[in-house]
Structure formats: structure tokens, C-alpha cells
Novice: 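Questions regarding the structure given below will be posed in turn.
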Protein chains: 2
Amino acid sequence: MTPVNLKSLAEQLHLSIATVSRALRDSHEVSEATKVRVRALATALNYEPNAYASSLRRNVSKTIGVVIPKVANHFFALAINGIEEAARQSGYHVLIYLTHDDYAREVAIVQHLKGGRVDGLLMSVASGTEDFAHIKSLKDTNLPIVFFDRVCAEVATAKVTTNDYESGYQATEHLLQAGCRTIAHLLISNNLSIGQFRQQGYLDALTAHGLTPDPDLVLNGVMDNEQNVALIRELLQRRPDIDGIFASVERLAISAYHVCKELGRRIPEDIKIIGFSNLEAASLLDPPLSTITQPAYDIGREAAKILIRAVEKKKDILPSQSLVLNSELFQRRSTASN
Amino acid sequence: MTPVNLKSLAEQLHLSIATVSRALRDSHEVSEATKVRVRALATALNYEPNAYASSLRRNVSKTIGVVIPKVANHFFALAINGIEEAARQSGYHVLIYLTHDDYAREVAIVQHLKGGRVDGLLMSVASGTEDFAHIKSLKDTNLPIVFFDRVCAEVATAKVTTNDYESGYQATEHLLQAGCRTIAHLLISNNLSIGQFRQQGYLDALTAHGLTPDPDLVLNGVMDNEQNVALIRELLQRRPDIDGIFASVERLAISAYHVCKELGRRIPEDIKIIGFSNLEAASLLDPPLSTITQPAYDIGREAAKILIRAVEKKKDILPSQSLVLNSELFQRRSTASN
DNA sequence: AGGCCGACTGAAAACGTTTGCGTAAATAAA
DNA sequence: TTTATTTACGCAAACGTTTTCAGTCGGCCT
């Protein structure tokens, strides 16, 4: 089977490769008559231009990369959904890379992306990442980058986030208003900027209500879920006075539910729980979980839009293009007043 | 800033481009001494080969495509996770395309992939797809394809699925043994092969237990979630004798939960529910949901492995390489006997 | 008639890499 | 010594596309 490319099309049409190429790109330099002929044969033979030849020649790949910790997480899944939508609308392809929150993997992925495989990058940094040299060095190759959710403060570019500080504040205040006095904060890794913001919101809400924050009530979760369950169990047993839990990430809220059931603590009578979560089934949990829900789809879509716009205009992305979308507090039974 | 490519490396090293290229690919045709020199400069300058030039020349992109209906679904998210893992291990990149169960989108995506952008394709067909000409035509370009979960029976290639018939049978039998006598089956679209298998398992289990299947109890869900809720509500009101629900897809199980709560039907006392689901929080629902859980991660990983093996060996993929992984039934309170 | 312009097309270079082939020197075999 | 063989490297073509440049042809203006 002869390959169907510009050359073969040109031969069959008794035209030059150049003319065929121009005809297909609808150039004004080619007569309408030949355009029609060319298009007819192209569709008849199911011609599709070779993406790599085109990318090589034009130095543009029409592809964006997405580097995220994981995909089996409703937040990131929704974000990808938004990203793919924005990309598709502009004719971009989406390459996915998972770091599994592992620093070494993130570095390897970023290094690989220097090969020019992508025109731009969307990134949510791994929680294990403390050194950002790899990202800076990628940025130095002039690759446009937009961070979303888990941003890297040290790199000057646009970031799409939620109002993490306010959300942490609101969640804590919500627990306080529901009558909690000893509120634990479960977060995942305090070197992540979002963790810090939420933590600060938590602290400020406590002091604003006349309470003194107790460092013993702040639990740093780890990667492994079972370990988290153990840590939470230990915390709840050591501090039976805890009457409220604010979980900065979905997984920890779920783990807290499991521990409470195991220890026989009733939700919300003994302990009230609120957590960041994009879980669709939150309202079906036992009891329905109060959540701070981030507009994950919009975050992904807006981040992709900013990136693609910059790629198309070949302009640098400025930190001033950053976007902060508001998350929403859904009050459900897990934080009902007694 | 001068570009760092083979040419610039060669100039600085006073070598030819060919030698530099061979040195980096560790060819035996180049002396160890020069290899060392070349590698040193390459790493010093952070050289990364241009992926598109390489792909064009070698006619290999080290990229696989993944075409799925959606990503905001725990099954597909886990599958992607497995796919990415297998791909990463073999140095492959993963392009993601979402069809949103829309036939037209699927066709457009498949057409686009003819441009040679990917070396192989993993696919779970859209539920709206009834004509498979686009897939066949893609297969005719010799692009290796492996289907997973939602397979296309008409295309001769490997398929990675779960034991859908047996699962449907088991789920139904499980409800029967829990005392149900009027069991509804909620499925998504009966033109999908998996729906048919599960439906057949459902039917056979009923007849095997001496019951006559009632077509009125089989509900075909649609895309829109709200419509599904309305349909289920209508069904439960029209047939108050229904005492068991088998949901072929997670979304329908969730919708059924909502409807039951709304109508005041107690689970499991009035109605028992079991559903296909990869929801992590299934055990935390109210009541905990009995599920048939597919090994989504493994499905993705195995499908990717089969695909990549075929790509590397440049051998056709045979239907005989198909794999059937077993799903697992988790019995929880939603199907507890009264 | 000469010059000019616009419409259309083709030749060829370029993108960065890989690779078949050639070749020179060095080594081994005869 | 001559003749193979090996080693190490360079030349140049090729992958399929895009784009610059040059060219042809007819028509229009002065």
C-alpha cells in the first residue's frame, strides 16, 4: 500500500508538493479550482498530515503536557476533563504524566519534556517536591508553564488556584459555629503552598474566635493510606477531647470516617468532620459529608486556556495572569449542630 | 541562546553529527573515549533529543493514545493509572482523548489519529457508537489497537475485559439469595457489548432460579444524570413490587440511592441494591453499597502491556491475546438479608 | 511596444534526527 | 610484503512538511 502523503497526492494530481500543501492549508495563493481537486482527492484517500513532520518543520506540536500527582482522585480527574475540553476546542492534544507525588519521577518527567514534545505545560507539583531547580531549568528553555492547585511559588508564571486561605478559615469557622472547641487539622504535607494557606486559615480562624492553636492537633499525613489511618487513630485516642476535624484533603477525610466508625465515635454527635473533597457521593456517605469543594473542572479549563493563549500568541505568561477561583462549602450532616 | 541539538554539539566537539548521534545511542561504532566526551557535553548542556525529528525519521513516536468516554469516573481513572504505569516503564508517552460518549467526537478523534501521532491505541468505545467503520478504517492503517472494557466486537484485535456475564449472573444471584424476587436491572446502553453480557447474566440467573424475566424491569439509562433519576423514580413508583436493583454502572447505582432516599424506600429493608462500581467510598455510603468491582488498574496495565509488546515487536495483535480479568463481589449492607 | 502587476505554481531549502554507505587508518591474517 | 578485517568516523540521503524565493503567463496601463 503506497503511503498517502503530500508527495503521493501531488503525483496523482500532477501538481507540486508545495501546491498541494498550500491547497490543503487553504492558502490564497492557490486557485479555487485546484483547491477543490486537491481536497477531493485528500478526503477520498483519507489523507491526514503527518503530525511529526509538521511539528518539526513548524516547531510547534499542538500538544500540551499535564503533570499531576495522580489521576485516581476526583479533583484531578475533573481538572483533566476541563483541560481536555479547552485543549480540544483549540485543536491541542493532551499528554498525561503522573508523578505519584514522587520527586524523582517528577524530575525525570520534566527533563524528558525538554525535548520539545510539548508546546506548553500544566503542572500540579508533587507533594514530595521541595527543590524546584528542575522546573526552573525547564522554564529557562522558554517552555510556557501554568501551575494549578499545587503551585510552585518560586517560579514566576501564572497560577490557577482556589481561595485556600479563606476556605481553610471558613471550614474552621464552620466547625466552631457548630460548637466544636478542639479542632484537629489533617493536612498532607506542609511544604505544599496550598497546605500552608489552608493551615494559616485554620490558625487564624481559631485565634479570631479566641482559641489558642495547639500544634498537637495538626496532623501531617503521609502517602500511605494505612499509615494515615494509624496516625489518625493514634491522634483520636491520645486526644479524646477532639470534637472537630478539618481535613485538607479528601483521602484524610475518608480515613477519618473509617477511624471514627472503628472507634465508635459518632459523627456528628461526638465529632464533626469537614473536608476538602470533590467526591460526588459525599451526600450519600453515612453521614453525608460536609465538604469544601473546589471548582476542579473550571480550574483545569482556565489553566489550559491561559496556557494555550500564551502559546498561540507566543507571549510569556505573567504571574499577573493568575486566577483564583472560589471553592464552595457544602454543609451536610457531618457538621450538624447537636 | 544557541539551540542545543546534535549540530551544535558536533561543532563544539569537532565531530560529525553522525558520530554524536551514535555516541548518544551508545553505538558500537564509536570509541569509548569519544562516547565519554560526547556524553559529558550532552549532560552539561542538558541536551534532550528532539522528539519530533526522531519520530519522523524512525517512524515511531513512543506514544500511545488512549480514547475513553470520560475520566471523571473512578474506573477509567484507575485504568489510566495502570496504562500510564505500563507506558512509563517502557518509555512511552500517553495521549488522552475523551469522547464523552459522543459518537461524532469519537470519529473525529480517530480520524485525527491517522496522522501517525501514536504508535498504538487503547480504546474503550463510546456508548453512543453503533457504527464501527471509523475504527476499522483506522485499523486498516496498521495501527495496533487494544480495546478494554467497552470493546468493539467487530474489530479483530485483543480485548481486555472483565467476566461481565458471570458478574451479572453473580450479582443477580446474590440479590436472589438475599431474598429478592423482583429485580430491576439498570444498564446504560444495550448496544455496548458489556451491557449485553451483564444483561444476559442477569436474565440467566433469573431463569436458573425459576423466575421469568420481565422486560419492564430493565431500564436503559441515558447520558444525563437527572434524566436517569427521573427514569428510576418513575420505575420505582410504577413498580412498587421491586425489591432489588442491579445497576450495571456506578452512576446508576448512585442515582438509585438518591431516588430511594427521596421516596423513603429503605435500603436494604425495602430494596436491596448492588452495582458495578470502583468507588473507594462505597463502604462509607449510607448504607454501605455492595459492589461488583472491576480490577480497573490491572485492566489498564495489561491492555497497555499487550499493546506496547505488539508495537515493539511490530507484530499484529491477535484476538487470541485477549484477556479476561475477574471482577470481585463485595458484599455490604445494601444487600443484607432482612 | 514596453513595463508592470496579479494570479498561480514549482523548485528547493529547512526543521533535527537516524542510518546506509564509504573511507581511512589500524590491526590481523596470509 | 600483500591482502583481509576491524575500528572509528564522516558524508549525505531520507523522513514529510512548510515556506521562501523565483518563475511563468496573461492582462492592463501608459
Side-chain angles (χ1 to χ4, degrees), chain A residues 1-39 41-42 45-63 91 112 114-119 141-142, chain B residues 1-39 41-42 45-63 91 112-119 141:
Chain A
M1 189 176 59
T2 59
V4 40
N5 49 27
L6 287 184
K7 194 173 166 191
S8 69
L9 288 182
E11 281 168 5
Q12 294 181 60
L13 292 162
H14 301 292
L15 286 173
S16 75
I17 294 177
T19 304
V20 177
S21 172
R22 278 190 274 250
L24 291 173
R25 316 198 107 250
D26 203 23
S27 159
H28 63 278
E29 295 190 86
V30 96
S31 74
E32 201 54 42
T34 39
K35 273 187 195 172
V36 171
R37 281 210 307 144
V38 171
R39 280 196 285 251
L41 187 65
L45 296 188
N46 237 314
Y47 168 75
E48 191 73 21
N50 182 295
Y52 294 110
S54 176
S55 296
L56 176 60
R57 175 58 223 250
R58 309 208 303 166
N59 200 26
V60 156
S61 64
K62 279 276 180 182
T63 303
H112 228 90
K114 285 183 188 152
R117 196 177 277 270
V118 297
D119 294 341
T141 67
N142 280 324
Chain B
M1 190 177 54
T2 59
V4 41
N5 50 26
L6 287 184
K7 192 171 165 192
S8 70
L9 288 181
E11 280 168 5
Q12 294 181 59
L13 291 162
H14 301 291
L15 286 173
S16 75
I17 294 178
T19 304
V20 177
S21 173
R22 278 191 270 253
L24 291 173
R25 317 197 106 248
D26 204 24
S27 158
H28 63 278
E29 294 191 85
V30 74
S31 74
E32 200 54 43
T34 42
K35 274 187 196 171
V36 172
R37 280 209 308 144
V38 172
R39 278 197 285 252
L41 187 65
L45 296 188
N46 238 313
Y47 168 75
E48 191 74 21
N50 182 295
Y52 294 110
S54 176
S55 296
L56 176 61
R57 176 58 225 249
R58 307 208 304 165
N59 202 26
V60 155
S61 64
K62 279 276 180 184
T63 304
H112 229 90
L113 290 175
K114 284 184 187 150
R117 197 177 277 269
V118 297
D119 294 341
T141 67

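Residue numbers start from 1 in every chain, and the chains themselves are labelled A, B, ... in the order their sequence lines are given, proteins ahead of strands.
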Novice: In whole angstrom, give the distance that lies between atom CZ of B:Arg25 and atom P of C:dT17.
Specialist: 11 Å
Novice: What is the distance, to the nearest angstrom, from the NE2 atom on A:His28 to the P atom on C:dA7?
Specialist: 8 Å
Novice: When you measure from the side chain of B:Arg58, which nucleotide among C:dA11, C:dC8, C:dT19 comes out closest?
Specialist: C:dT19
Novice: Taking OP1 and OP2 of C:dG16, is either one under 4.0 Å from a side-chain nitrogen or oxygen of B:Ser54?
Specialist: no
Novice: Would you mind reading off the distance between B:Asn50 atom CG and D:dT17 atom P, rounded to a whole angstrom?
Specialist: 17 Å
Novice: CD of B:Glu29 versus C1' of D:dA8: gap in Å, rounded?
Specialist: 8 Å
Novice: Of all of residues 4-16 of chain B, which get a heavy atom below 4.0 angstrom from DNA chain D, listed by number?
Specialist: B:His14, B:Leu15, B:Ser16
Novice: Quick check against the 3.5 Å criterion: does A:Asp119 have a side-chain atom that pairs as donor or acceptor with the backbone of A:Ser61?
Specialist: yes
Novice: Starting from the 5' end of DNA chain D, give me the residue, A:Ala51 or B:Val20, whose nearest nucleotide shows up first.
Specialist: B:Val20
Novice: In whole angstroms, how far is the P atom of D:dG16 from the NZ atom of B:Lys114?
Specialist: 18 Å
Novice: For a quick check, tell me whether the side chain of B:Arg22 and the base of D:dT7 share a donor-acceptor pair closer than 3.5 Å.
Specialist: no
Novice: Does any N or O in the side chain of B:Ser54 come within less than 3.5 Å of the main-chain N or O of B:Ala51, such that one atom is a donor and the other an acceptor?
Specialist: no
Novice: Would you classify A:Thr34 as touching base, sugar-phosphate or nothing, given that sugar-phosphate means primed atoms plus P, OP1 and OP2, and contacts are heavy atoms under 4.0 Å?
Specialist: sugar-phosphate
Novice: Check whether any side-chain nitrogen or oxygen of B:Tyr47 sits under 4.0 Å from OP1 or OP2 of C:dG16, and answer yes or no.
Specialist: no
Novice: Heavy atoms under 4.0 Å, any strand shown: does A:Ser21 hit a base, just sugar-phosphate, or nothing?
Specialist: base
Novice: Rounded to whole Å, please give me the gap between CG in A:Asp26 and C1' in D:dT19.
Specialist: 17 Å
Novice: Any side-chain to backbone donor/acceptor pair from A:Arg37 onto A:Leu13? Under 3.5 Å, distance only.
Specialist: yes
Novice: Any donor-acceptor pair under 3.5 Å linking the side chain of B:Lys62 with the backbone of B:Ser55?
Specialist: no
Novice: Please state whether the phosphate of D:dA14, meaning OP1 or OP2, lies under 4.0 angstrom from any side-chain nitrogen or oxygen of A:Tyr52.
Specialist: no
Novice: With no hydrogens and no angle check, is any side-chain donor or acceptor of A:Tyr52 less than 3.5 Å from a backbone partner on B:Arg117?
Specialist: yes
Novice: Given A:Leu41 and A:Tyr47, is the side-chain contact (heavy atoms from CB on, under 4.5 Å) satisfied, shown in steps?
Specialist: CA-CA 8 Å; A:Leu41 187 65; A:Tyr47 168 75; over 6 Å; no
Novice: Which of these nucleotides, C:dT17, C:dT9, D:dT19, is closest to any side-chain atom of B:Ile17?
Specialist: C:dT17
Novice: I need the CD-C1' distance between B:Glu32 and D:dC9, as an integer number of Å.
Specialist: 15 Å
Novice: Select one nucleotide: of D:dG16, C:dT17, C:dT9, the one nearest the side-chain heavy atoms of A:Leu56.
Specialist: D:dG16
Novice: Tell me whether the OP1 or OP2 atom of C:dG10 has a side-chain N or O from A:Thr19 closer than 4.0 Å.
Specialist: yes
Novice: Step through the shown structure and confirm whether more than 12 heavy atoms of other residues, nucleotides or ligands are within 6.0 Å of CG on A:Asn46.
Specialist: yes
Novice: Is there a side-chain contact (heavy atoms from CB on, under 4.5 Å) between B:His112 and B:Val118? Walk through the geometry before answering.
Specialist: CA-CA 10 Å; B:His112 229 90; B:Val118 297; over 6 Å; no
